[in-house]
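When a residue number appears, it is its place in the shown sequence, counting from 1.
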Amino acid sequence: MTTLKELAALLNISVSTVSKALNDSHEISENTRIRVKELATKLNYKPNRIAQQLKTNKSKTIGVILPTVTNPFFAEVLHGIEMAATDSDYDIIVCLSNETLHKEKRSLELLSNGSVDGFIMAVARESQVKKETDHINAIIKSKLPVLMFDRVVSDIECNKVIVDDFQCVYEATEYLILKEKRKNILLVSNIEELSVGKLRIEGYSKALEDHNLKPVILKLDNAKDEDVENKIYNYLKSNTSIDAILSIDHVTGIVAINMAKKLGKVIPKDLSVVGFGYEHTQLLSSPKISIIHQKAHKIGEMSTMLLIDNIKDESLKSKTIVVPSELKLSGSTQTKF
């Protein structure tokens, strides 16, 4: 493997000059930078990451802890993280908490031994339900920067990238009331115990209150797929006055369309449906579901850039960035944009 010393000897310049040229230092002339990079490419030179880590005390690696990757939202966020990290010459190590407190703790402990320079994470369901976050605070106190996205803990001081959960659901509910004249809007929730779920329910409830309507909420309590279908089917069968459904997760909106059709309802004539998701989600239902589109890829990109800024400058104050969602209407609502 070619070394910096060998490149320097072949070019008859110092090792320091080669290093600075490879890192695009302004101290080195453009001609020299070109010569160095051309030879490095020709000889397939690869920087010694271990040596760099020892010299800078940085691993150039980010730890990413996700609740799951079976949820398309987290998979898309991960793609955004990976793309932004690569652009900044960082690597990532991904761990899955599988929604458990134990696995989340274990992942943080495993990677906080010098393997990574900081963490990007969405808090596990069990951690939020039990309100146990001491393990996250311990990492922050050890001077390793932590960035939370989507599922965050409000009383932990760290950088955060979130969705406008309250506002986007408020606007979607108000759309159903004002534009489609719906009066009996059912909110279906499979994430009501999570921070994002609570905010979405608050947005829905506030919109109904502002228009003198009563909230109707079907809580599924993290039910299994078959139970979700049965509960939605039975509820719609017993409550025939429901004229719109708002799903606040990535699955139950599509299930609601299927169950309503099974009951003989015509969508959107008899029943409008709005769910959460992204553009590919709309391909999974007939008619195509109208969605509150979370900018998952952008969330991943912005999370990575904000964390890297924090890694490079520990004195930066923590901040929260809100990535606005977008209501994208399609075949499951009466009005299309």
Pair Asp210, Tyr170: side-chain N/O donor-acceptor within cut-off below 3.5 Å: yes
Roughly how far apart are Met302 CE and Asn159 CG, rounded to 0.5 Å? 11.0 Å
Any donor and acceptor pair, going by atom type alone, linking the side chain of Arg151 with main-chain N or O of Ala122 inside 3.5 Å? no
Using only atom types and a distance under 3.5 Å, with no angle test, would you say the side chain of Asn184 pairs donor to acceptor with the backbone of Asp243? no
What is the distance from atom CD of Gln334 to atom NZ of Lys269, rounded to the nearest 0.5 Å? 10.5 Å
Student check: side-chain heavy atoms of Val251 and Val228 closer than 4.5 Å: no
Please state whether the rings of Phe149 and Phe73 are parallel, tilted or perpendicular, taking 30° and 60° as the class boundaries. tilted
So does Val322 get a backbone contact from the side chain of Asp164, meaning a donor-acceptor N/O pair under 3.5 Å? no
Which value, rounded to the nearest 0.5 Å, describes the distance between Leu327 atom CG and Glu171 atom CD? 8.0 Å
Could you check whether Lys206 makes a cation-pi contact with Phe166, meaning its NZ or CZ is under 6.0 Å from the centre of the six-membered ring and within 45° of the ring axis? no
Is the side chain of Lys183 donor-acceptor paired with the backbone N or O of Leu213 at a distance under 3.5 Å, no angle test? no
Does a donor on one side chain and an acceptor on the other come within less than 3.5 Å for Gln128 and Ser195? yes
Scan side-chain atoms only and decide if Thr70 and Thr68 contain a donor-acceptor pair under the 3.5 Å cut-off. yes
Flag the pair Glu192 and Lys219 as a salt bridge only when some basic side-chain nitrogen lies within less than 4.0 angstrom of an acidic carboxylate oxygen. no
Minimal heavy-atom distance between Arg182 and Pro268, with the atoms involved, is NH2-O, 2.7 Å
For Cys95 and Ser107, which heavy atoms make the closest approach, and how far apart are they? CB-OG, 3.4 Å
Can you confirm whether the side chains of Thr61 and Asp91 place a donor and an acceptor under 3.5 Å from each other? no
With side chain to side chain donor-acceptor pair (under 3.5 Å) as the test, pick out the partner of His135 among Glu104, Arg106, Lys105. Glu104
Donor-acceptor contact present, side-chain Asp313 to main-chain Ser315, <3.5 Å: yes
With no hydrogens and no angle check, is any side-chain donor or acceptor of Ser88 less than 3.5 Å from a backbone partner on Ala85? no
Measure across Ile289 and Gly253 and return the closest heavy-atom pair with its distance rounded to 0.1 Å. CD1-C, 3.6 Å
Show the nearest heavy-atom pair for residues Ser205 and Pro215, with the distance to one decimal. OG-CB, 4.4 Å
Under the 3.5 angstrom rule, does the side chain of Ser290 hit a backbone N or O of Val274 as a donor-acceptor pair? no
For Glu126 against His102, the heavy-atom pair lying closest together: OE1-N, 4.5 Å
Gap between atom CG of Leu271 and atom CD1 of Ile245 - 0.5 Å precision: 4.5 Å
Test your reading of the model: is there a side-chain donor-acceptor pair from Asp117 to the backbone of Ile62, 3.5 Å cut-off? no
Over all heavy atoms of both residues, which pair between Leu22 and Ala40 is shortest? Give the atoms and the distance, please. CD2-CB, 4.0 Å
I'd like to know whether NZ of Lys37 has more than 12 heavy-atom contacts from other residues, nucleotides or ligands below 6.0 angstrom. yes
What's the separation between atom CD1 in Ile254 and atom OG in Ser286, rounded to the nearest 0.5 Å? 11.5 Å
Distance from Tyr45 atom OH to Leu4 atom CG, nearest 0.5 Å? 3.5 Å
